Amino acid sequence: MKMRDQMGGLAQTTGGVRSSRNKGHRGDRWRDLLSVGLVTVATSLLVACGGGGSGGSGGGGVGDGGDAPANYSVEGTLNGLAAGTELVVSNVASGSDLSTITLKENGAFSFDGQLKAGQPYDFQLAATSPVHEGGAGYSPVVQRCALQGVDANGIAQGEADAFRNLKIDCSGNFVVLNAAGLPMISDGTAQGTLPLDVGTRIDPASFALLNGRLVFFARQMGETPSRLWSSDGTPEGTREVLDPTGKTIDNISANAQAQLGDRLYMVNRGTLWVTDGVTAQAVTDAAGDPISMPSEPALVTVGDDLYVSSIGHFVVIDQQRNVQQVANPEGGDLGNVSNLTVAGNRLFFQETYSGSESILVLDTQDRTIRWLADVSAARSITPMGDQLFFVGSKSGYGFELGVIDLSSGAVEFQDIFPGLQGSYPESLVVMDGKLYFIASGDETTRTVWVSDGTQAGTAVLSPALHRPQGLLVHGNKLFFTALDSQDDLQVWRTDGSLGGTYPVTSLGNLQAPILGNLVVAGDGVYFIASVPGGRVFSRTGGEPANTIALTQPSGYYAAEFCAVKDGQAFFAVQDDRSSGGPFQALLSTDGTPVGTEQVVSLGSLAGRSAP
């Protein structure tokens, strides 16, 4: 028995659209098409051994010359499916007796039901992609699955009464920037790291995964507007997204995007647009008019709805893309909206109107807006239970930490640095019902503070550290970098207590100062440490005992997290001690020294300029 290709010209689509059918495509074309896209359609005809069924180009089946069985089972093997994802395999040929199956783990599988002799099948593969780990700036992994096992003539061999060698291979690809700042697609191997034909810098903060395609913004160096691109995880499947008339989406505002379900909303040429990763179009209101956006637009997803600060009012869009306008308090128009922050069903924001500045809240259940407080230059709006923290200016205080009691409406400022100068709080984060932030208590000391929202409950976390940076909550610990008493930069951790606040890099296994910032990936915090003989890529789990060097001393001096795939974290690291000059490389780690390796060089850093 064998399976012979009968129909060609496969149309790679989404949403289960059938393939187009044309005569006589060749085996190499077959294999190319099978490797493209999230949805892969393979159209073939099962031919009975020893005859039975229509022959394709090159003749009929090859068998033992006996009578062909009436039915055939279809079985196979699945490899490479990412943990926590699934693959739906459907036979969409008319009259098929094979049921759709959903596969959630690798290994052998079989269809319920059988194929009758000569009955066509039309397989459609649809794989979900792994949950995006990281956040803005980190690449999602695009999972792609393809049917394998077809020879150069488009024939797949079977057995006398079954087709058991159906083989589906899945892979996951992510984006990494090379030394020139240009995008590459990688499956985590040297041979699978290839340039994308974008030709421009991309904005990692714009990454979104839509219907199995990775969507991102790209721009020429020195340009402000961006263009819209999408990729199926392959160089050949990476292309610009066009509008319904075939025009490019080429004037996108940076830092103004939000994903709602399988759609990404953005601002293009001053109006609201939406894309599914295949095409893009302007969003219109109930009257059919484009939705105009302010010069500093703001978009945010709250539950199943998207809230957009249009000119003069908020617009809300649901999953079915119905558009409604939110009524303003006391009528009239809203001023400029900024600092959107979501907490449950409440959307907090700052409004600037006719020179006055206020903090307001939009209740997304009844879609009403109410005033909370008049605050000058409010920023870092941070909710915590029934309190809303912010940094703002008030007469007689300078820039200080403020808090609004959301139950009573009372507003209080914490006078951390008495007088007009202010403490200039920054990096506000919440952990275990307490607010942590960096502030100056006097003219010489800048350190980590903790607050419960009251003056009496606002205090320095530890006197042993100074000049901290980058507060990161990871699990039940807060990590940051700070100078110790010897003015060495260390990685610190805290559980919120004085005794639980200490540097993990000056005790235990790795006693070394560090360089740069901290990066969270998976269950660890990563950084570069300086040791005798060079610098080492390192990891901590929050204790001196699990703070270790992952590499031998080298010239590493910076690391940027790229993606997590199959339990491995991938980083782009920079090295300045190569004989060929500074370069960038892709590094892979499972958090252990033996599981850490340099995957591939991403090119020379010589002459690299900022985007």
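Bear in mind that the values here come from a model prediction, so they are computed numbers and not experimental data.
The closest donor-acceptor contact from the side chain of Thr494 to the backbone of Leu478 lies at 3.5 Å or more, if one exists at all. At least one donor-acceptor pair under 3.5 Å links the side chain of Ser309 to the backbone N or O of Ala298. Formation of a donor-acceptor pair under 3.5 Å by the Asn328 side chain with backbone atoms of Gly312 is found in this model. With Thr547 contributing its side chain and Thr505 its backbone, the two residues share no donor-acceptor pair below 3.5 Å. Using modelled atom types, one side-chain atom of Gln455 and one backbone atom of Asp415 make a donor-acceptor pair closer than 3.5 Å. Between the side chain of Ser253 and the main chain of Ala256, no donor-acceptor pair closer than 3.5 Å is present. Side chain of Ser440 to main chain of Asp442: no donor-acceptor pair is present (N/O by atom type, distance under 3.5 Å, no hydrogens or angles). A donor-acceptor contact shorter than 3.5 Å is absent between the side chain of Thr551 and the backbone of Val536. Put simply, the side chain of Arg535 gets close to the backbone of Tyr556: a donor and an acceptor are under 3.5 Å apart. Put simply, the side chain of Gln421 never gets that close to the backbone of Gly398: no donor and acceptor are under 3.5 Å apart.
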For a side-chain contact (heavy atoms from CB on, under 4.5 Å) check, start with the C-alpha distance between Phe437 and Leu401, then their side-chain angles and the critical distance, and finish with the verdict. CA-CA 9 Å; Phe437 58 98; Leu401 179 70; 3.7 Å; yes
What verdict does the side-chain hydrogen bond (donor to acceptor under 3.5 Å, both in side chains) test give for Ser376 and Ser393, after you've listed the backbone C-alpha separation in whole Å, the side-chain angles of each residue and the deciding distance to 0.1 Å? CA-CA 5 Å; Ser376 296; Ser393 176; 5.5 Å; no
side-chain contact (heavy atoms from CB on, under 4.5 Å) assessment of Leu228 paired with Thr275: CA-CA 9 Å; Leu228 183 63; Thr275 182; 3.9 Å; yes
Should Asp575 and Tyr557 be marked as a side-chain contact (heavy atoms from CB on, under 4.5 Å) after you check the CA-CA gap, both sets of side-chain angles, and the distance that decides it? CA-CA 6 Å; Asp575 192 309; Tyr557 64 92; 5.6 Å; no
Could you go through Leu602 and Met184, starting from their C-alpha distance and side-chain angles, then the distance that decides it, and tell me whether this counts as side-chain contact (heavy atoms from CB on, under 4.5 Å)? CA-CA 9 Å; Leu602 299 175; Met184 304 183 76; 3.9 Å; yes
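There is a side-chain donor-acceptor pair under 3.5 Å between Ser358 and Asp374. For Glu543 and Tyr502, the side-chain atoms include at least one donor-acceptor pair closer than 3.5 Å. No donor-acceptor contact under 3.5 angstrom links the side chains of Glu597 and Ser588, judged on distance only.
The shortest distance between side-chain heavy atoms of Leu498 and Pro463 falls below 4.5 Å. Side-chain contact between Pro140 and Leu214 is present, with at least one heavy-atom pair separated by less than 4.5 Å. Here the side chains of Val175 and Phe207 are in contact, with some heavy-atom distance below 4.5 Å. At a threshold of 4.5 Å between non-hydrogen side-chain atoms, the residues Tyr265 and Ile317 count as touching. Residues Asp452 and Lys434 are in side-chain contact: their nearest non-hydrogen atoms beyond the backbone lie under 4.5 Å apart. Residues Leu362 and Phe348 form no side-chain contact, since every pair of their non-hydrogen atoms from C-beta on lies 4.5 Å or further apart. The shortest side-chain heavy-atom distance between Phe413 and Phe390 falls under the 4.5 Å cut-off. The closest side-chain heavy-atom distance from Arg493 to His474 is not below 4.5 Å.
If you take CG on Leu182 and CZ on Arg201, they are separated by 6.0 Å, rounding to the nearest 0.5 Å. Atom CG of residue Asp203 and atom CD1 of residue Ile252 lie 10.0 Å apart, to the nearest 0.5 angstrom. The distance from atom CG of Leu586 to atom OG of Ser601, rounded to the nearest 0.5 Å, is 10.0 Å. Annotation: the span from Leu264 atom CG to Gln257 atom CD amounts to 5.5 Å, rounded to 0.5 Å. Taken from CG in Asn339 to CD1 in Ile381, the straight-line distance is 5.0 Å, to the nearest 0.5 Å. Note: Gln387 CD to Leu435 CG = 9.0 Å, rounded to the nearest 0.5 Å.
Closest non-hydrogen pair, Glu400 versus Ser423, comes out as OE1-OG, 2.6 Å. The minimum heavy-atom distance linking Val198 with Ala218 is given by the pair CG1-CB, 3.9 Å. Contact between Ser310 and Ile291 at its shortest, heavy atoms only, is OG-CG2, 3.6 Å. Asp590 approaches Thr592 most closely through the heavy-atom pair OD1-OG1, 2.6 Å. The shortest heavy-atom contact between Ser380 and Val391 is CB-CG2, 4.1 Å. Ile438 and Gly470 make their closest contact through CD1-N, 4.4 Å (heavy atoms, listed as atom of the first residue, atom of the second, distance).
For Phe399, the ring-ring contact (aromatic ring centres under 6.0 Å, His included) partners are Tyr424, not counting sequence neighbours. Ser295 meets the side chain to side chain contact (heavy atoms under 4.5 Å, CB included) test with no other residue; sequence neighbours excluded. For the ring-ring contact (aromatic ring centres under 6.0 Å, His included) test, residues two or more places apart in sequence or in another chain that qualify with Phe570 are Phe174. For Phe217, the ring-ring contact (aromatic ring centres under 6.0 Å, His included) criterion is met by no residue, not counting sequence neighbours. Residues passing the ring-ring contact (aromatic ring centres under 6.0 Å, His included) test with Tyr436, sequence neighbours excluded: none.
Sorted by first then second residue, the side-chain hydrogen bond (donor to acceptor under 3.5 Å, both in side chains) pairs that include residues 457-467, not counting sequence neighbours, are Ser451-Thr458, His466-Asp487.
Under the 30°/60° scheme for interplanar angles, the aromatic rings of Phe216 and Trp229 are found to lie parallel.
Around the CG atom of Asp318, the shell of radius 6.0 Å holds more than 12 heavy atoms that belong to other residues, nucleotides or ligands.
A salt bridge between Glu426 and Arg446 is present, with a side-chain N of the basic residue lying under 4.0 Å from a carboxylate O of the acidic one. Residues Arg367 and Asp305 are paired through a salt bridge, judged by an N-O separation under 4.0 Å between the basic side chain and the carboxylate.
Of the candidates Thr540, Leu518, Leu550, Val491, Tyr526 forms a side-chain contact (heavy atoms from CB on, under 4.5 Å) with just one, namely Leu550.
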